Amino acid sequence: MENRIDLQDEGMVARYGPAVYRLAFAQLRSKADADDVFQEVFLRYVEKAPEFQGPEHAKAWFLRVTVNCCRDVWRSPWHKRHVPLEEDLPFETREEWDLHQELLKLPAKYRTVLHLFYWEDLSCNEISQITGAKPTAVRQQLSRARSKMKEILEKEGVHNV
């Protein structure tokens with residue numbers, strides 16, 4: 001069975017690739033694992049050839065598949081046996097890097113909702129569809145994540161939160 005990538009597929013990679021990679025990296029904290037998830041997400045896209053009802057539906061599909069692939073990585077026996085190396089990360093400013101480092105101190109469920117809400121500009125209902133949680137649970141996780149992040153930043157001496 002031969003899969004061919006056409007121009008439409010390349011356009012999808014260009015359009016949704018950055019969001020997929022950012023989310024994978026935010027979840028897995030490893031460039032190598034994020035690269036693997038990125039490839040897996042777009043391989044599934046090529047294999048399944050889903051029909052999208054619009055750009056929002058496509059973005060939601062890509063982010064949902066990314067979350068699922070990240071969960072698969074976390075559950076794998078291999079992941080439990082290795083320690084990620086420190087790497088240079090794709091952040092535009094030092095402030096983004098510092099914020100990312102603080103974000104890594106949060107549990108995964110809080111990192112996910114914060115990332116999807118702030119970096120991907122998704123609503124609580126959209127996050128709910130992607131994560132499989134109820135909208136009220138997403139709002140509660142978002143509220144708790146903000147509180148925990150504020151505590152972390154205040155401990156680090158950042159008071160303008």
Side-chain angles (χ1 to χ4, degrees), residues 1-76 78-79 84-142 145-146 149:
M1 177 168 149
E2 183 179 330
N3 287 324
R4 293 180 185 230
I5 297 179
D6 62 22
L7 292 176
Q8 179 184 355
D9 296 333
E10 290 178 18
M12 295 300 252
V13 172
R15 185 173 202 172
Y16 300 108
V20 166
Y21 189 82
R22 280 191 308 266
L23 179 57
F25 188 82
Q27 291 300 297
L28 300 172
R29 299 178 259 171
S30 161
K31 187 175 180 187
D33 288 340
D35 289 342
D36 290 345
V37 166
F38 180 89
Q39 291 177 7
E40 179 64 25
V41 167
F42 286 99
L43 177 63
R44 289 184 187 186
Y45 167 72
V46 170
E47 288 176 345
K48 296 186 188 294
E51 297 283 329
F52 299 122
Q53 298 159 353
E56 295 83 20
H57 181 234
K59 184 175 183 179
W61 186 90
F62 281 107
L63 294 177
R64 178 67 188 164
V65 172
T66 303
V67 167
N68 289 340
C69 288
C70 289
R71 286 180 181 161
D72 291 345
V73 169
W74 280 112
R75 284 189 289 246
S76 76
W78 169 253
H79 193 273
L85 300 173
E86 292 296 318
E87 305 177 39
D88 290 332
L89 307 176
F91 294 99
E92 292 182 20
T93 66
R94 180 69 185 169
E95 290 79 21
E96 286 181 1
W97 164 252
D98 292 341
L99 183 59
H100 176 74
Q101 290 300 95
E102 299 306 320
L103 190 64
L104 292 177
K105 295 176 182 176
L106 293 174
K109 67 181 178 180
Y110 295 142
R111 284 195 316 267
T112 301
V113 295
L114 282 176
H115 180 88
L116 293 173
F117 189 80
Y118 289 106
W119 275 275
E120 303 304 332
D121 290 325
L122 298 177
S123 69
C124 289
N125 288 337
E126 292 168 323
I127 295 169
S128 168
Q129 292 172 349
I130 289 168
T131 61
K134 293 181 179 178
T136 54
V138 170
R139 284 189 286 279
Q140 185 179 44
Q141 287 175 347
L142 192 55
R146 287 177 183 138
M149 193 67 182

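Please read all numbers here as calculations on a predicted model, not as lab measurements.
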With sequence neighbours excluded, what pairs up with A60 under the side chain to side chain contact (heavy atoms under 4.5 Å, CB included) test?
-> I130
How would you list all residue pairs meeting side-chain hydrogen bond (donor to acceptor under 3.5 Å, both in side chains) that involve residues 122-137, not counting sequence neighbours?
-> S123-E126
Contacts of R111 that satisfy side-chain hydrogen bond (donor to acceptor under 3.5 Å, both in side chains) - sequence neighbours left out = none
How would you list, by chain and number, every residue that makes a ring-ring contact (aromatic ring centres under 6.0 Å, His included) with Y110, sequence neighbours excluded?
-> none
Considering residues at least two apart in sequence or located in another chain, which fulfil the salt bridge (charged side-chain N to carboxylate O under 4.0 Å, His left out) criterion with K105?
-> E102, E156
Step-by-step ring pair (Phe, Tyr, Trp, His ring centres under 6.0 Å) determination, Y45 to Y16 | CA-CA 11 Å; Y45 167 72; Y16 300 108; 8.7 Å; no
Which distance, rounded to the nearest 0.5 Å, do you find between the NZ of K48 and the CG of L43?
-> 9.5 Å
To the nearest 0.5 Å, how far apart are CE in M12 and CZ in F42?
-> 8.0 Å
Do T112 and H115 come within less than 4.5 Å of each other through their side chains, counting heavy atoms only?
-> no
For residues 15-26, pull every pair meeting salt bridge (charged side-chain N to carboxylate O under 4.0 Å, His left out), keeping only residues two or more places apart or in separate chains.
-> R22-E120
Nearest-0.5 Å distance, CG of residue L116 to CG of residue L142 | 10.0 Å
Under the ring-ring contact (aromatic ring centres under 6.0 Å, His included) test, which residues partner F117, sequence neighbours left out?
-> none
Would you please indicate if the ring centroids of F25 and F38 are separated by under 6.0 Å?
-> no
Could you pull out all residues at least two apart from R44 that satisfy salt bridge (charged side-chain N to carboxylate O under 4.0 Å, His left out)?
-> E40, D72
Go through the structure and list residues passing side chain to side chain contact (heavy atoms under 4.5 Å, CB included) with A24, not counting sequence neighbours.
-> A34, V37, T66, C70
Look up atom CD in Q27 and atom SG in C69, then write down how far apart they are to the nearest 0.5 Å.
-> 12.0 Å
When I127 is tested against each of L63, V67, L114, V138 for side chain to side chain contact (heavy atoms under 4.5 Å, CB included), which residue passes?
-> V138
Distance from D121 atom CG to K59 atom NZ, nearest 0.5 Å?
-> 6.5 Å
